[in-house]
Amino acid sequence: MSAVNHTKFNSVMFLLTGIPGLEDIHLWISIPFCFMYVLSIIGNSVILFIIKTDPSLHEPMYIFLSMLAVTDLGLSIVTIPTILGIYLFNSRRISLEACFAQLFFIHSLSKIESFVLLLMAFDRFIAICNPLRYTSILTPLRIAMMGLVAVVRSVALILPLPILLKQFRYCRDNVLSHSYCLHQDIMKAACSDFSVNSIYGLFVKVITVGLDSFLIFLSYVMILKTVLSIASHRECLRALNTCVSHLCAVVLFYISDIGLSLIHRFGNSSTHLLQIILGYIYLLVPPLMNPIVYSVKSKHLRERIIRAFVK
């Protein structure tokens, strides 16, 4: 009996979905996707290279930025095979094991990114509200420990998801809503009762994205309170300007993440196209825009990048 079940488990396949109704022009749609992937990979790689090779950038703010770049690179690499496979080669089939692996890495990396954004908010809070103790609080050892906590927390919370999904039977039409595997999608394809997965998934979302976004909000309340107490209007604007890049990254990540989760839980057939668009924004736009925004807004980083290319 176990051999039969194992055979059935291995024979389960999922069908990924591109943009419904536009199958005839998938090859043309692949062009902007390829362009976005190339830009995001090059942009994040350049930021990592510049920060690593320039000792003057070995500061807490740029170390956190390098963590964000590594996470964005991971998200791009994990989603490239299935998204471009659909639009370039019409390759929609994916095995259960491959789907579970992609699911684990997508959710783990997104939770790591959420925690890194929280760490970057903490960095801005210390830099503005307690600048004299900035270097003594954010030591290299503490930053390394924070990065380790981000990885351990994400892996520990996400690892049960594919393990729980593996216990289900899949006997329906296993057509997923996206060009990649998400927990919400696979869970709904199961024939078994997935209420435990639904509750646990909601718990993970609240304890990661919900808690992180709330703490980021609190940190900016404290930052705004400190900045408004500054007598000089010019100094006030200068302090707020250091937060613009991080605020852009926060808005891009959390709006798409929370919006996609809400649509998966409460959406219907009329919101399917919006669900697909938000899914692409959630995984493609932050890795593309983060290096651009930080390169434009950070004068120090921008000068180093220009100097490297001029040489």
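Atoms considered below: every heavy atom in the structure, side chains included; atoms not considered: hydrogens, waters and symmetry mates.
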> Under the side chain to side chain contact (heavy atoms under 4.5 Å, CB included) criterion, do C243 and Y220 qualify, and how do the steps go?
Replying inline: CA-CA 9 Å; C243 303; Y220 272 103; 3.6 Å; yes
> Are Q184 and S177 close enough, and set up right, to give a side chain to side chain contact (heavy atoms under 4.5 Å, CB included), and what steps lead you there?
Replying inline: CA-CA 10 Å; Q184 305 95 312; S177 304; over 6 Å; no
> Hey, mind stepping through L65 and L57 against side chain to side chain contact (heavy atoms under 4.5 Å, CB included) and telling me if it holds?
Replying inline: CA-CA 10 Å; L65 177 58; L57 297 178; over 6 Å; no
> Under the ring pair (Phe, Tyr, Trp, His ring centres under 6.0 Å) criterion, do F122 and F64 qualify, and how do the steps go?
Replying inline: CA-CA 10 Å; F122 179 69; F64 289 131; 8.1 Å; no
>> Run the side chain to side chain contact (heavy atoms under 4.5 Å, CB included) test on S30 and L27 for me, step by step, so that the C-alpha distance in whole Å, both residues' side-chain angles and the decisive distance to 0.1 Å come before the verdict.
In response: CA-CA 5 Å; S30 69; L27 188 60; 4.1 Å; yes
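Aromatic ring pairs are classed by plane angle as parallel below 30°, tilted from 30° to 60° and perpendicular above 60°; the pair Y180 and H178 is parallel. Below 30°, between 30° and 60°, or above 60°: for H107 and H183 the angle between ring planes is above 60°, a perpendicular geometry. Between F33 and Y280, the two ring planes are tilted [angle within 30° to 60°].
Looking only at distances, a side-chain donor or acceptor of T71 sits under 3.5 Å from a matching main-chain atom of M67. Of the possible polar contacts, none joining the Q102 side chain to the T79 backbone as a donor-acceptor pair under 3.5 Å is found. Between the side chain of S213 and the main chain of G210, a donor-acceptor pair closer than 3.5 Å is present. A donor-acceptor pair is defined here as one N or O able to donate and one able to accept, closer than 3.5 Å; no such pair exists between the side chain of R93 and the backbone of L15. Side-chain N or O atoms of T17 include none that pairs as donor or acceptor with a backbone N or O of S179 at under 3.5 Å.
To the nearest 0.5 Å, atom CD1 of residue I51 and atom OG of residue S66 are 5.0 Å apart. One distance of note links CD1 of I216 with CG of L211; it measures 10.0 Å at 0.5 Å rounding. With values rounded to the nearest 0.5 angstrom, L262 atom CG is found 9.5 Å from D257 atom CG. Of the inter-residue distances, the one linking L202 atom CG with I207 atom CD1 reads 11.0 Å to the nearest 0.5 angstrom. Residue H300 holds its NE2 atom at 7.0 Å from CD of E59, rounded to the nearest 0.5 Å. If you take CD1 on I31 and OH on Y87, they are separated by 13.5 Å, rounding to the nearest 0.5 Å.
If you check the side chains of T208 and K111, you find no donor sitting under 3.5 Å from an acceptor.
At least one side-chain heavy atom of L48 sits under 4.5 Å from a side-chain heavy atom of L73. Side-chain atoms of F203 and L157, non-hydrogen and from C-beta on, do get closer than 4.5 Å to each other. Proximity of L117 to D212: side-chain heavy atoms (C-beta onward) are nowhere separated by under 4.5 Å. In this structure, the side chains of I158 and F105 stay at 4.5 Å or more apart for every pair of heavy atoms. A 4.5 Å side-chain heavy-atom check between Q275 and L260 finds at least one atom pair inside the cut-off.
Of all the heavy atoms in L88 and C34, the pair that sits closest is CD1-SG, 4.4 Å. When all heavy atoms of S40 and S76 are compared, the pair lying nearest together is OG-OG, 3.4 Å. Between G74 and L109 the shortest heavy-atom distance is C-CD1, 3.4 Å. What you find for I106 and C181 is that their closest heavy atoms are CD1-O, 3.8 Å. Taking both residues in full, the closest heavy atoms of I223 and A121 are given as CD1-O, 4.4 Å, listed atom of the first, atom of the second, then distance. For S108 against V155, the heavy-atom pair with the smallest separation is OG-CA, 4.5 Å.
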Side-chain polar contacts of residues 288-296 - donor-acceptor pairs under 3.5 angstrom, sequence neighbours left out - could you list them?
| from | atom 1 | to | atom 2 | distance (Å) |
| --- | --- | --- | --- | --- |
| N290 | ND2 | D72 | OD2 | 2.9 |
| N290 | ND2 | P286 | O | 3.2 |
| S295 | OG | P291 | O | 2.6 |

Identify each donor-acceptor pair in which a side-chain atom of residues 124-138 lies under 3.5 Å from a protein atom, sequence neighbours left out, and give them as a table.
| from | atom 1 | to | atom 2 | distance (Å) |
| --- | --- | --- | --- | --- |
| Y134 | OH | D123 | OD1 | 2.4 |
| S136 | OG | R133 | O | 2.9 |

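When the side chains of ILVMFWY residues are joined at heavy-atom separations under 4.5 Å, either directly or via intervening members, I77 and I83 end up in two distinct hydrophobic clusters. Cluster membership for L176 and L22, using ILVMFWY side-chain heavy atoms within less than 4.5 angstrom, is shared. Cluster membership for L84 and W28, using ILVMFWY side-chain heavy atoms within less than 4.5 angstrom, is shared. Under the 4.5 Å side-chain heavy-atom criterion for ILVMFWY residues, no single connected hydrophobic cluster contains both L283 and I255. One hydrophobic cluster holds both Y282 and L274 under the rule that ILVMFWY side chains link at heavy-atom gaps under 4.5 Å.
Test L165, V196, L182, L161 against M187 for side-chain contact (heavy atoms from CB on, under 4.5 Å) and you get one pass: L165.
Ion pair R307/D54 not flagged as a salt bridge, since none of the NZ, NE, NH1 or NH2 atoms sits closer than 4.0 Å to an Asp/Glu carboxylate oxygen.
Within 6.0 Å of the CZ atom in R169, the count of heavy atoms belonging to other residues, nucleotides or ligands does not exceed 12. In the displayed structure, Y200 atom OH is contacted under 6.0 Å by more than 12 heavy atoms of other residues, nucleotides or ligands.
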